Student: 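I am attaching a structure below and will ask some questions about it afterwards.
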Amino acid sequence: MQQKYNPHVIEREAQKHWEQSGAFRAVESPDQPKYYCLSMFPYPSGKLHMGHVRNYTLGDVVTRYYRMKGYNVLQPMGWDAFGLPAENAAMANGVPPAKWTHDNIATMKQQLASLGFAIDWSRELATCEPDYYRWNQWLFLRMLEKGLAYKKTGVVNWDPVDQTVLANEQVIDGRGWRTGAPVEKREIPMYYMAITRYADELLAELEKLPGWPERVKTMQANWIGKSFGVRFAFPYELDGKNKKLWVFTTRADTIMGITFAAVAAEHPLAARAARDNRELHAFVEECKRGSVMEADLATMEKKGMPTGLHVTHPLTGKKVPLWVGNYVLMAYGEGAVMGVPGHDQRDFEFTTQHGLPIKPVIKPKDGALELPLKAAYVEYGVCMNSGKYDGLDYQGAVDAIAADLKAKGLGEKQVLYRLRDWGISRQRYWGTPIPIIHCERCGDVSVPDGELPVVLPEDCVPDGTGNPLNKREGFLKCQCPKCGKPARRETDTMDTFVDSSWYYIRYACPDNGSAMVDERVRYWLPVDQYIGGIEHAILHLLYSRFWTKVMRDLGLAKFGEPFVNLLTQGMVLNEIFFRKGDTGRITYYNPAEVEVRTDNGGNRSAVLKSDGKPVESGGIGTMSKSKNNGVDPQELIDHYGADIARFFMIFQSPPEMTLAWSNAGVEGAARFLKRLWSFFYDYRAVIEDFPGLAKKLGPAVAQSNPLKLIYHFPDDWRTIDPGHAAIRRDVHLILKQAIFDMQRMQFNTVASAAMKILNAIYSPLGFQDLAQPQEQSQASRQAFYRQQFLHESSSILLRVLAPITPHITHHLWRELKFGESVLTAPWPEPDPAALIEDEIELVVQVNGKKRGDVRVPRDADNKAIEQIVLANPTVQKFVNGQPVKKVVVVPGRLVNVVV
RNA sequence: GCCCGGGUGGCGUAACUGGUAGACGCUGGGGACUUAAAAUCCCCUGGCCGCAAGGCCGUGCCGGUUCGAAUCCGGCCCCGGGCACCA
């Protein structure tokens, strides 16, 4: 064993050992409990970033922990390989997305290998491989057959200069990112998946997911947005015909307060009204400019214009003016709303702006409405100014009004979801081709199963002016499968969320060339622990749940929920440094180029290393290219090694919280592992003779078996050697807490626990007094148990640390002959006998303020404790003769004297 | 704008179902070792008052419940994530 800790050497050795023994290969074995631990697969952007390192380190800790607990663990890895960045790179460098992607995968795989993750690489997959995406196509066709996939028009961002569809990300302040041209909305035909058919189940089954964070479930529930309301119609007459304008409301109780109605700019009625109204036409056109993003729509100034048309109030029969409003969403409900300014804040603001009347119809249950209204009164109350409905509460009014509307054939109660069907068509090259053929005679025809996969040509280079597949004759031209006549292939590809909606299922059977799934899926699925960024809380996780349910209903899966437990990790942040130039231009400097000094009072100053002049701090933010505050994990690994990087990641922050980068923190991690190494270096000299000791000491210790890691201490040990017994108690208490923290995945305190154990056994023990016992005397027994205690504590320390820093613990475990591999060592359990204490310490409070502590016998009852506490001089000083009202005793913790 | 989180020393954080606020680590200061430096080891490190013993204040802000609140409730401020074509 080397005296100096050299991470690079021991990490290479450990990784070689694992690789040669095929240690991470997961094989189905029905007799063993399985554990499927999955981290979200990366997009192959080029290099690993810190978020990946954090994600996969967390996954690896879970994986290795469950292995030591005796589970058959699967931890696979793959690549979310289709997507926009590959096309952007192609435009910048002229390299086809396929080549760029494959090169990136090779680089990142290398990087992952250097971190020593317990990954079964035999199951690796990439979503851009035809073997994978053919099943996207196959399942899409099954959904089409069932009506779960269908075609309709949808709205997209359109760049009028490049004549191309833009992703939301490519729209900056309402303009195209490359051309700077104002973006327009455009309607195009697209394929949809009917996720709304599963809305109720997706909502209801959130309750069956106790292993998911509450906040994720709340976000999903709000996203699905089930609301109970009333769908009703305003009758109107147009072009000599009687028509109906349908709207939806959750506040039917306010229906008597309607002073106007409004439709979205995309509503057919808006188009009809604009036909002979030039001003309105211009307004509708104006509304069509700008992006389709909801955040943009919601923050827009509320604008509107009267159509000149009137509709009839369904209950009063009065005429109500019809407006076009840019805040009415075509995608939600009917694309039209009733306007009740008295009780809806958006309507209120709209009305104030356009001088429409306000009619309050709801008042607080007890009390009156303050008039005139300064804002909409949106609380539930009772009806007023509402004729026959006056005095009714919310539910009573809704019931009565819905019944009256129904009697007139003008409406009824309806359940509405905010959730919209999933548009999967993308007018992009680098994705799964949608397996449809367009025939002039037969229409849209599915590609027959036998001709799947529709393979994407891999040598196209996009240029920013639309999908290059449209110029690829070889791909475009085909025969209609129905009539055999020349036809044209669909060039739209699928949303990459389709790829990521089921990859975790395919890991069970990546090599099956003839079926999407097989019996191995039954063994491994569902995923026991899924780990990934909180930014995926809604879309990816909701689509995956939907996809799983579709596969279940098609008889392809036996489970309805894909992820039993979910851990959403926080983002990785770093400081931002910049200078403002004379022209106001901001230049960002990477924190690695900046030196920060802190004085005693906590005042910080930062200078650029290269010129020694100050830079400004821009606070802390997510690592990003634009702020130039990223840290390259590769540099970290090259400099410190994998274990230090991993330990830092785990120790710095709890998994769910954001993690702030800190060079000093990395140094701290390095210091700890060096200290661990030097402890075991010294300890090795002692342990070499240890197995022989048991023989020398005879029958008194024959039951001890250090190599099987079962330790026995006689009852009188606590009196023979109270000092070490107390330390052993500490170690086992720390272990007990570490197990609790491991279970709740608060790994930062598990790392702390390892530090505490090392602190507990390091200094007080020193090795020089561990003389070799020669005979069966009391002193020899004492020395023996001290050695056994040290052996036990050391083995606990290495095992607690093994999931976090696998390389150094692998090396030390073998070096000290604890066993063949710590990877398969049993996870340690605290010894109940070690935790026993004869006296316990209680905190004493007077009126809730800490005033000292007392030691009482372990089995003292509350009355005895009360007497001891009241007799305490400090307590008497603070009680100061006042009558004692009450004494609260919290067993094992504290006593509060109330005066 | 809407939905969801978070806010504790100079810093990262800890405090299990309400029960000793600041474990563990970093930074800073002091000391030991060294010819010297690095490394390592030891001590101190929330604020205020005090020679000390000790006392008072303190978990974003305001208020409430409780013997007792970082933790529960109501209101506010600030920061972060998501908003359906970034992944």
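Note that this is a predicted model, so its numbers are computed, not measured. In what follows, every chain begins at residue 1, and chains take the letters A, B, ... in the order their sequences are listed.
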Student: A:L801 pairs by side-chain contact (heavy atoms from CB on, under 4.5 Å) with which of A:V750, A:L758, A:L676?
Tutor: A:L676
Student: Looking at every strand, decide which applies to A:E656 at a 4.0 Å heavy-atom threshold: base, sugar-phosphate, or nothing.
Tutor: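 No contact at all - A:E656 keeps every heavy atom at 4.0 Å or more from the nucleic acid.
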Student: Has A:Q163 got more than 12 heavy atoms of other residues, nucleotides or ligands less than 6.0 Å from its CD?
Tutor: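 Yes, enclosed.
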Student: Which nucleotide sits closest to the side chain of A:S653: B:C4, B:U13, B:C24?
Tutor: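 In terms of side-chain proximity for A:S653, the closest of B:C4, B:U13, B:C24 is B:U13.
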Student: Can you name the residues that form a salt bridge (Lys or Arg N to Asp or Glu O under 4.0 Å) with A:R671, not counting sequence neighbours?
Tutor: none
Student: Restricting to side-chain contact (heavy atoms from CB on, under 4.5 Å), what partner residues turn up for A:V844, sequence neighbours left out?
Tutor: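 A:V844 satisfies side-chain contact (heavy atoms from CB on, under 4.5 Å) with A:V854, A:V869, A:V875 only.
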Student: Under 4.0 Å between a side-chain N/O of A:T496 and OP1 or OP2 of B:A87, yes or no?
Tutor: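 So the side chain of A:T496 is within the cut-off, an N or O lying under 4.0 Å from OP1 or OP2 of B:A87.
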Student: For A:R346, report the nucleic acid contact type (base, sugar-phosphate, nothing); a contact means any heavy atom under 4.0 Å.
Tutor: nothing
Student: Not counting sequence neighbours, which residues clear ring pair (Phe, Tyr, Trp, His ring centres under 6.0 Å) with A:W422? List them please.
Tutor: A:Y543
Student: Describe the nucleic acid contact of A:L419 in one word from base, sugar-phosphate, nothing, applying a heavy-atom distance below 4.0 Å.
Tutor: base
Student: Taking A:L842 as the fixed residue, which of A:D853, A:V856, A:L894 is the one that meets the side-chain contact (heavy atoms from CB on, under 4.5 Å) rule?
Tutor: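 For A:L842, the side-chain contact (heavy atoms from CB on, under 4.5 Å) check succeeds only for A:V856.
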Student: Taking the C1' atom of each, how far is B:G12 from B:G28, in whole Å?
Tutor: 16 Å
Student: Who pairs with A:Y417 by ring pair (Phe, Tyr, Trp, His ring centres under 6.0 Å), at least two apart in sequence or on another chain?
Tutor: none
Student: Taking side-chain contact (heavy atoms from CB on, under 4.5 Å) as the definition, give me every residue that meets it alongside A:A167, ordered by chain and number, with sequence neighbours left out.
Tutor: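 Once residues adjacent in sequence are excluded, the partners of A:A167 under the side-chain contact (heavy atoms from CB on, under 4.5 Å) criterion are A:L84, A:Q170, A:R428.
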Student: If I take atom NZ in residue A:K850 and atom C1' in nucleotide B:G22, what distance separates them, rounded to the nearest angstrom?
Tutor: 13 Å
Student: Please give, in whole Å, the distance from B:A84 P to A:F497 CZ?
Tutor: 10 Å
Student: Give A:Q220 one of three labels, base, sugar-phosphate or nothing, depending on what nucleic acid heavy atoms sit under 4.0 Å from its own.
Tutor: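 Nothing, no nucleic acid heavy atom in range.
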Student: Could you check if the base of B:G9 is syn or anti? Syn means the glycosidic torsion is within 90 degrees of 0.
Tutor: syn
Student: Expressed as a whole number of angstroms, how long is the span from A:L894:CG to B:G18:P?
Tutor: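 Taking atom P of B:G18 as the reference, CG of A:L894 is at 14 Å.
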Student: Side chain of A:W223, backbone of A:L539: donor and acceptor closer than 3.5 Å?
Tutor: no
Student: Do A:W79 and A:Y503 have ring centroids that are under 6.0 Å from one another?
Tutor: no
Student: Just N and O in the side chain of A:S752: are any of them under 4.0 Å from OP1 or OP2 of B:A23?
Tutor: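 No.
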Student: Which atom pairs link the protein and nucleotides 65-67 of chain B when you take only N or O atoms and keep those under 3.5 Å?
Tutor:
unit_1, atom_1, unit_2, atom_2, d
B:C67, O2, A:N896, ND2, 2.6

Student: Write down the partner of B:U40 under the Watson-Crick or G-U wobble criteria, each distance required to be under 3.5 Å.
Tutor: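 Pairing partner: B:A32.
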Student: Could you check how far CG of A:D344 sits from C1' of B:C2, rounded to whole Å?
Tutor: 13 Å
Student: Indicate whether OP1 or OP2 belonging to B:A14 is found under 4.0 Å from a side-chain N or O atom of A:Q737.
Tutor: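 No.
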Student: Who does B:C56 pair with, Watson-Crick or G-U, both distances under 3.5 Å?
Tutor: B:G47
Student: Just jot down the ring pair (Phe, Tyr, Trp, His ring centres under 6.0 Å) partners of A:Y43, sequence neighbours excluded, or say none.
Tutor: none
Student: What does A:D853 touch in the nucleic acid at a heavy-atom separation under 4.0 angstrom: a base, only the sugar-phosphate, or nothing?
Tutor: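 No contact at all - A:D853 keeps every heavy atom at 4.0 Å or more from the nucleic acid.
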Student: What N/O pairs connect the protein and nucleotides 55-57 of chain B at under 3.5 Å? Give each pair on its own line.
Tutor:
unit_1, atom_1, unit_2, atom_2, d
B:C56, OP1, A:R851, NH2, 3.3
B:C56, OP2, A:R851, NH1, 3.3
B:C57, OP2, A:K849, NZ, 2.7

Student: Please report the distance, rounded to the nearest Å, between CG in A:D296 and P in B:G1.
Tutor: 14 Å
Student: Figure out the CG/C1' separation between A:D495 and B:A84, and round it to whole Å.
Tutor: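 Those two atoms, CG and C1', are 9 Å apart.
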Student: Quick one: list whatever passes side-chain contact (heavy atoms from CB on, under 4.5 Å) with A:F878, sequence neighbours left out.
Tutor: A:V846, A:R851, A:T874
Student: Applying the Watson-Crick and G-U wobble criteria at under 3.5 Å, what pairs with B:U17? Answer none if nothing qualifies.
Tutor: none
Student: Would you say a side-chain N or O of A:R671 is under 4.0 Å from OP1 or OP2 of B:U27?
Tutor: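 Yes, within the criterion.
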Student: My understanding is that a pair needs two contacts under 3.5 Å, Watson-Crick or G-U wobble. By that rule, which nucleotide pairs with B:G5?
Tutor: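 Answer to the pairing question: B:C79, which forms a Watson-Crick or G-U pair with B:G5.
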Student: Compare the minimum distances between each of B:U20, B:C4, B:C86 and the side chain of A:T218, then state the nucleotide with the smallest one.
Tutor: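 It is B:C4.
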Student: Categorize A:M300 for me: base, sugar-phosphate, or nothing, with a 4.0 angstrom heavy-atom threshold over every strand shown.
Tutor: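 A:M300: no heavy atom of the nucleic acid under 4.0 Å.
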Student: Which part of the nucleic acid, if any, lies within contact of A:F651, taking any heavy atom under 4.0 Å across all strands shown: a base, the sugar-phosphate backbone alone, or nothing?
Tutor: base
Student: So which of residues 187-195 of chain A are in contact with RNA chain B, with a heavy-atom cut-off of under 4.0 Å?
Tutor: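 Hits under 4.0 Å, by residue number: A:M190.
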Student: Is the ring centre of A:F648 less than 6.0 Å from the ring centre of A:Y640?
Tutor: no
Student: Each nucleotide N or O in nucleotides 75-83 of chain B that has a protein N or O under 3.5 Å away: list the pair and distance.
Tutor:
unit_1, atom_1, unit_2, atom_2, d
B:C83, O2', A:E294, OE1, 3.3

Student: Taking the minimum atom-to-atom distance to the side chain of A:R675, which one of B:C24, B:C86, B:C41 wins?
Tutor: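 Closest nucleotide to the A:R675 side chain: B:C41.
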Student: Just to verify, what does A:E349 make a side-chain contact (heavy atoms from CB on, under 4.5 Å) with, not counting sequence neighbours?
Tutor: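 Once residues adjacent in sequence are excluded, the partners of A:E349 under the side-chain contact (heavy atoms from CB on, under 4.5 Å) criterion are A:K302, A:Q345.
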Student: What is the distance, to the nearest angstrom, from the CD atom on A:Q569 to the P atom on B:G5?
Tutor: 19 Å
Student: Is there a side-chain contact between A:T749 and A:Q737, using heavy atoms and a 4.5 Å cut-off?
Tutor: no
Student: In the structure I gave you, are the side-chain heavy atoms of A:P7 and A:D643 within less than 4.5 Å of one another anywhere?
Tutor: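 A:P7 does not reach A:D643 side chain to side chain.
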Student: Output the rounded distance in Å from CG (A:D730) to C1' (B:A23).
Tutor: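 Checked: the CG to C1' distance equals 13 Å.
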